[in-house]
Amino acid sequence: MTNLDGVVKPKTKRSKRFLQSREPKLTENFKNAMIMKGGNTSETVTQALKDIYALRKPNAVLYKKKNILRPFEDSTSLEFFSKKSDCSLFLFGSHNKKRPNNLIFGRMFDFHVLDMFELGIEKFTSLKDIKNNKCAEGTKPMLVFAGELFDLDPEYKRLRSVLTDFFRGPTVSAVRLAGLEHVLHFTALEGKIYMRSYRVLLKKSGCRTPRIELEEIGPAFDFVLRRTHLASDDLYKTAHKQPKGLKPKKKKNISHDAFGTKFGRLHMQKQNLDQLRTRKMKGLRKRKGETVNGEDPTSAKTAKTDA
Amino acid sequence: MAACSIEDVLAKVERDEAEKLKSITVQKELDLEFDAGNLLALDKNRIDVSDFKQQKKDDFLRSLARDNTQLLINEIWKHPTERVEEVIVVKLPEPTTVLPREKPAPKPRPPTKWEEFAKLKGIQKKKKTNLVWDEVHKEWRRRWGYKRAKDGTKEWLIEVPENADPNEDQFAKRNKEKKERVAKNEFNRLRNIARAQKLKVPGVGLPPASQQSKTELAQAVNIAKISTASVGKFQDSLPKEKAPRNTGKRRKFQPVIGDFADEKQKQLDILKIMDSKKPRLDITKAVNKQMREEDMEAAAKRRKESARKGRRGHMSGRGKGSAPGKGKGKAAKGKGRNPRAKQGKH
């Protein structure tokens, strides 16, 4: 009775706080990613994993030892690692004869694999190979997807969603304009996916918006899509379900028109016109202690709009 | 002269403006889709493969990326900016791209047994003040915890109640009671958790209570009796003790070697059923079915009858319609009554 199945009772305040941080929340924290390699990896894959780790750095865990798993055959150990490190995104790298230089991008929902995409590296240029100034660590990158496949093909659409999930930085309410200096560009063309990473140079254009020049900083990948694992529609829908508490409550009596003008509806109490004082005369002045019906300021309901 | 110069100036300004815009405008067949909250853009245009093959691959990709990034930057620059500590920041809207959640939405904690009860009875929580007046010390003291008012544990003397055993240690008794209350509370807490998780809570003896009910005691005795290594098989029973009731059914097997005649009969019965071509008739089932059918028929007839009566109304002659109607009604009644009587007998 003291240790029930599935009920972990923290013994200290610290462990309680730790467990609370991992509980499901209404507004979720930013997704962590775990980056791991399989039983055999080539130098390309190892370097690629390190580079992607550098792109995602504060919110990622790099597993340095080998982990012999095959995500497409058996995802249980992946789920175990995900639970252990509280990561819902993963990147798995491996290399074998059948599938050389293999990367698997995937994400989890409730510690179960939602979707996975296997991408083979055809060509790889590392961050180190290009010698120039890099972006600061933890910069929120701009993501651009090009190619009609990303809009039409359901598999590519899902891949776009996974890549967005993986590479977009934390959700922020505002960004520094000068800090927008990193672009990740994904191009789907002729059955390949080209991933390029550029540094943005803001040039003067004469008007407010600057002119953009790009400088490649790496890593650059030429991917081919191999195996995929898409979540069933049911599971995918459940994963997208937003809790009720997140929706802002509708405010009464406030509406907006097409131009964004705010309208308010006022509910006024009826005014007693019989006792309305139109003339200012000494004899009609309200004396102290005398209360007149309908003129009492506290009884009238007032509403204001700041349109 | 003056008018001419103004026109000139205007034209020049226009040209300048256009030139300036030229450096930041990009022509695209289809507009890009933006999600400024995520700094995301989607270019749905078809990429010309011949262009891609003619140029160097990286140069082509870079020029494509430049154009798209320029458009994205233009879009972001449209949003309102703000100066925060010498830095210009742009306010981003809420992201529009829906991405799956990491974990399912948190569920509200299921109510405890007490909370359920309180809701049923309409008991509401009352806020109590933290400090209460302590008559003994003549000061305000906290209600709970260290240095609390009316602290029972700090008494150096306890009056022995009239009906109590004079040799009983009242301090030890008080300590024991306190410990029991704490244990009971913990037990209930765990039970609430188990209930919330829909686990089956094993019956563990009896929780401490001032007065046990008869059924609870009987249950406790039964549990105690079977809590031996041999599951109570060799447990003696008291004279005139009744067998425990409602302890659950156990599967019982026939002995391996026992009544041969009975076994033979059973086997023969099975063979007989298998051998006969006619389906077996379950008489009670058949009778019940028959009765139900008759009932339904009668009810249908009655319904029909009443509907016909209603339709005819007062217009047509009563004498005409009533004679056959009555007869039918009687017949239906008679039929309906019989099976009901049969059911009663069963």
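Protein chains get the first letters and strands the later ones, always in sequence-line order, with residue 1 at the start of each.
For a residue to count as touching a neighbouring chain, one of its non-hydrogen atoms must lie under 4.5 Å from one of that chain's; by this rule A:M108 touches chain B with the backbone only. Proximity to chain A (any heavy atom under 4.5 Å) is restricted, for B:V49, to the side chain, taken from C-beta onward. In this structure, chain A has heavy atoms under 4.5 Å from both the backbone and the side chain of B:P104. In this structure, no portion of A:D115 lies under 4.5 Å from any heavy atom of chain B. Looking at B:V87, only its side chain comes within 4.5 Å of chain A, counting heavy atoms on both sides. Contact of A:L152 with chain B is not made at all, since no heavy-atom distance falls under 4.5 Å. Residue A:K204 does not touch chain B at all, counting heavy-atom pairs closer than 4.5 Å. The part of B:R189 that comes within reach of chain A is its side chain, from C-beta onward, which places non-hydrogen atoms under 4.5 angstrom from that chain. With a 4.5 angstrom heavy-atom cutoff, B:L64 touches chain A via backbone and side-chain atoms both. Within the 4.5 angstrom heavy-atom criterion, only side-chain atoms of B:K57, from C-beta onward, approach chain A. Only the side chain of B:T81 comes within less than 4.5 Å of a heavy atom of chain A; its backbone N, CA, C and O stay farther away.
Here the closest non-hydrogen pair linking B:P110 and B:A196 is CG-CB, 3.2 Å.
Top candidate by heavy-atom pairs under 4.5 Å with chain B, chosen from A:D110, A:L184, A:V162, A:V175, is A:V175. Chain B forms more heavy-atom pairs under 4.5 Å with one residue of A:E148, A:K25, A:E28 than with any other, namely A:E28. Counting heavy-atom pairs under 4.5 Å between each of A:F111, A:F150, A:Y194 and chain B puts A:Y194 at the top. With respect to chain B, the highest number of heavy-atom pairs below 4.5 Å among A:K237, A:Q242, A:R208, A:K244 belongs to A:R208. Per-residue heavy-atom pair counts under 4.5 Å with chain B were compared for A:P210, A:A231, A:A220, and the maximum is reached by A:P210. Of the listed residues (B:I47, B:V98, B:L39), the greatest number of heavy-atom pairs within a distance under 4.5 Å of chain A belongs to B:L39. Note: B:R101 leads B:K44, B:R101, B:H79 in heavy-atom pairs under 4.5 Å with chain A. Annotation: maximal heavy-atom pairing with chain A below 4.5 Å, among B:K91, B:K78, B:R66, occurs at B:R66. Ranking B:L32, B:L42, B:V84, B:T97 against chain A, the residue ahead of the rest is B:L42, based on heavy-atom pairs under 4.5 Å. When each of A:L189, A:D222, A:T164, A:L177 is scored by its heavy-atom pairs under 4.5 Å with chain B, the top score falls to A:L177.
By a heavy-atom distance cut of under 4.5 Å, B:N68, B:T69, B:Q70, B:L72, B:I73, B:N74 are the residues of residues 67-74 of chain B near chain A, going up by number.
There is a side-chain donor-acceptor pair under 3.5 Å between A:S161 and A:R107.
Formation of a donor-acceptor pair under 3.5 Å by the B:R195 side chain with backbone atoms of B:P111 is found in this model. Side-chain N or O atoms of B:D35 include none that pairs as donor or acceptor with a backbone N or O of B:P95 at under 3.5 Å. When atom types are taken as modelled, the side chain of A:D51 and the backbone of A:S126 share no donor-acceptor pair closer than 3.5 angstrom. A distance-only check finds a donor-acceptor pair linking the side chain of A:K140 to the backbone of A:P170 [under 3.5 Å].
Within a 6.0 Å sphere centred on CG of A:N132, other residues, nucleotides and ligands contribute more than 12 heavy atoms. B:D59 CG: more than 12 foreign heavy atoms inside a 6.0 Å radius. For B:Q124, the CD atom counts as loosely surrounded, since its 6.0 Å shell holds 12 or fewer non-hydrogen atoms of other residues, nucleotides or ligands. With a 6.0 Å radius and a threshold of 12 heavy atoms from other residues, nucleotides or ligands, B:K113 has its NZ atom at or below the threshold.
Atom CG in B:L61 sits 8.5 Å away from atom CD in A:E216 (nearest 0.5 Å). Here the CG atom belonging to A:L143 is positioned 9.5 Å from the CZ atom belonging to A:R168, to the nearest 0.5 angstrom.
Checked against side chain to side chain donor-acceptor pair (under 3.5 Å), A:T209 has no partners two or more places apart in sequence or in another chain. Applying the side chain to side chain donor-acceptor pair (under 3.5 Å) test to A:R176 and every residue at least two apart in sequence or in another chain returns nothing. For A:E155, there are no salt bridge (Lys or Arg N to Asp or Glu O under 4.0 Å) partners at least two apart in sequence or on another chain.
The distance between the ring centers of A:F117 and A:F105 does not fall below 6.0 angstrom.
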